[in-house]
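Worksheet: one structure, shown below.
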Amino acid sequence: MAALNYNHLYYFWAVAHDGNLTRTAERLNLSQSALSVQIRKLEDRLGHALFERRGRQLHLTEAGRIALDHADAIFAAGAELLGTLQQAGRTRAALRVGALATLSRNFLIGFLRPVLGRPDVEVVLRSGSTAELLQGLETLNLDVVLINQPPARDSLTPFVAHRLTEQPVSLVGPPERIADGAGLADLLTRQPVILPTVNSSVRIGFDALTDRLGLRPQIVAEVDDMAMMRLLARENVGLALVPPIVVKDELASGLLVEADHALGIAEAFYAVTVARRFPNPILRDLLEAGAG
């Protein structure tokens with residue numbers, strides 16, 4: 001049985017991700033006809049059409065989608081091999097970390113603290129949305145992703161979520177907004193609140209709490225960024241619903257105080273990885289320390 005020609009597979013892979021034969025040909029410095037020939041040879045070898053044309057756009061067939069899934073795995077493994085072996089002779093090892101843009105910066109620093117300043121480790125930090133970060137993890141451009149909700153896992157996206165810790169969530173604000181002895185219902189009735197957006201686990205927990213108490217708090221801001229919630233609380237806009245770690249410096253200085261009410265709401269933190277043939281050895285120590 002003749003072996004698969006990986007040059008043909010590479011050209012197919014490039015066109016499949018671009019979705020445009022002309023653009024791929026220009027990028028690879030090939031003629032469109034030459035690129036088409038390479039793809040046809042792969043189709044002949046596999047015995048299936050990989051693309052169908054709709055107008056000016058190329059769309060994957062069912063066989064093309066299967067071929068692309070395998071090509072992604074093959075070329076990702078190649079990138080992993082190069083990255084691992086090329087790094088073997090370096091004096092500094094790289095750790096590529098993706099963090100949800102809305103994640104607490106204090107938590108992020110705490111997670112990375114064991115390697116910060118180490119002369120043999122270079123930390124590369126990227127922020128973005130959950131979807132962007134998980135894509136970077138799948139393509140092996142990231143070693144670990146830090147988020148606050150575990151991703152869905154199935155046979156095509158084999159993410160491994162390591163639960164690191166959870167932080168209780170509190171109402172935090174300037175001292176004058178949190179009167180001594182005020183009950184939770186009174187506090188939420190009299191004071192405006194700054195909340196996470198509705199799709200967050202913390203907000204879901206808060207809405208369930210206020211529904212149970214029959215309260216309709218005055219919401220002055222809905223924010224998807226913990227750093228911005230911290231700033232709004234400092235500006236005395238209202239009481240912020242945050243884990244105390246987000247505002248630990250303000251709490252230590254007395255600029256902000258924490259309401260003495262147990263809300264029964266917590267934010268969990270996860271480190272997400274994928275199974276790799278050559279896992280980053282630095283990451284193992286961080287995961288063990290973070291879960292401790």
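All values below come from the heavy atoms of this structure, side chains included, with hydrogens, waters and symmetry mates left out.
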side-chain hydrogen bond (donor to acceptor under 3.5 Å, both in side chains) for H162 and T273? Distances and angles first, verdict last. CA-CA 8 Å; H162 309 264; T273 60; 2.9 Å; yes
Begin from the C-alpha positions of L42 and L4 and carry the test side chain to side chain contact (heavy atoms under 4.5 Å, CB included) through to its verdict. CA-CA 8 Å; L42 179 63; L4 185 67; 3.7 Å; yes
Determine, step by step, whether L184 and L263 satisfy the side chain to side chain contact (heavy atoms under 4.5 Å, CB included) criterion, reporting the C-alpha distance in whole Å, the side-chain angles of both residues, the deciding distance to 0.1 Å, and the verdict. CA-CA 9 Å; L184 178 60; L263 303 179; 3.8 Å; yes
Please test L142 against R126 for side chain to side chain contact (heavy atoms under 4.5 Å, CB included), starting from the C-alpha separation and ending with a verdict. CA-CA 9 Å; L142 295 172; R126 300 280 185 261; 4.2 Å; yes
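Residue pairs meeting the salt bridge (Lys or Arg N to Asp or Glu O under 4.0 Å) criterion with at least one partner in residues 183-197, sequence neighbours excluded, are D186-R190.
Interatomic distance, CD1 of I204 versus CG of L209, reported as 14.0 Å (0.5 Å rounding). Within the model, atoms OH of Y11 and CG of L21 stand 12.5 Å from one another, a figure rounded to the nearest 0.5 Å. To the nearest 0.5 angstrom, K41 atom NZ is 14.5 Å from L46 atom CG. Rounding to the nearest 0.5 Å gives a distance of 10.5 Å between CG of D225 and CZ of R230. The CZ atom of F206 sits 14.0 Å away from the OG atom of S201 when rounded to the nearest 0.5 Å. Residue N148 holds its CG atom at 9.0 Å from OH of Y270, rounded to the nearest 0.5 Å.
Linking ILVMFWY residues whenever their side-chain heavy atoms come closer than 4.5 Å, directly or via other members, places L100 and I109 in the same cluster. Criterion: ILVMFWY side-chain heavy atoms under 4.5 Å apart, direct or through other members. Under it, V124 and L112 are not part of a common hydrophobic cluster. A single hydrophobic cluster is seen to contain both I74 and I39, as judged by linkage of ILVMFWY side chains at heavy-atom distances under 4.5 Å, directly or through other members. Under the 4.5 Å side-chain contact rule for hydrophobic residues, L171 and L213 share a cluster. Criterion: ILVMFWY side-chain heavy atoms under 4.5 Å apart, direct or through other members. Under it, L287 and V123 are part of a common hydrophobic cluster.
At a cut-off of 3.5 Å, with distance as the only test, a side-chain donor of Q38 or H8 sits close to an acceptor on the other residue. Looking only at atom types and distance, the side chain of T22 has a donor-acceptor partner in the side chain of Q32 under 3.5 Å away. Residues E52 and T61 have side chains that never bring a donor and an acceptor to within less than 3.5 angstrom of each other.
Applying the 6.0 Å contact sphere to CG of D249 captures more than 12 heavy atoms from other residues, nucleotides or ligands. The number of heavy atoms from other shown groups lying within 6.0 Å of NE2 (H59) is above 12.
Checked by atom type and distance alone, the side chain of N5 pairs as donor or acceptor with a backbone atom of N7 at under 3.5 Å. Between the side chain of S200 and the main chain of P196, no donor-acceptor pair closer than 3.5 Å is present. The main-chain N or O of L103 is found under 3.5 Å from a side-chain atom of R105 such that the two form a donor-acceptor pair. Side chain of E132 to main chain of S129: a donor-acceptor pair is present (N/O by atom type, distance under 3.5 Å, no hydrogens or angles).
Salt-bridge annotation for E222 and R203: present, with a side-chain N of the basic residue lying under 4.0 Å from a carboxylate O of the acidic one. Note on R212 versus D207: no salt bridge recorded, every NZ/NE/NH1/NH2 to OD/OE distance being 4.0 Å or above.
D143 and A94 get closest at one heavy-atom pair: OD2-O, 4.0 Å. L28 and A14 get closest at one heavy-atom pair: CD1-CB, 4.2 Å. Looking at every heavy atom in both residues, I178 comes nearest to V257 through CD1-O, 3.4 Å. Minimum heavy-atom separation, L232 to A221: CD1-CB, 4.0 Å. Annotation for V172 and A233: closest pair O-CB, 4.3 Å, computed over non-hydrogen atoms. Between E267 and V169, the shortest heavy-atom contact is N-CG2, 3.8 Å.
Residues L95 and L286 have side chains in contact (heavy-atom distance under 4.5 Å, counting atoms from C-beta outward). When side chains are defined from C-beta on, F12 counts as touching L68, because their heavy atoms get closer than 4.5 Å. With contacts defined as side-chain heavy-atom distances shorter than 4.5 Å, the pair P151/V272 qualifies. V220 places a side-chain heavy atom less than 4.5 Å from the side chain of I194. Counting heavy atoms from C-beta on, the side chains of P217 and T210 come closer than 4.5 Å. Side-chain contact between I219 and P192 is absent, with no heavy-atom pair separated by less than 4.5 Å.
Applying the side-chain hydrogen bond (donor to acceptor under 3.5 Å, both in side chains) test to H17 and every residue at least two apart in sequence or in another chain returns W13, D72.
For F111 and F269, the ring centers are positioned 6.0 Å apart or more.
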All N/O donor-acceptor pairs, side-chain side in residues 234-247, below 3.5 Å, sequence neighbours left out:
unit_1 : atom_1 : unit_2 : atom_2 : d
R234   : NH1    : E250   : OE2    : 3.0
N236   : OD1    : R177   : NE     : 2.6
N236   : ND2    : E176   : OE2    : 3.3

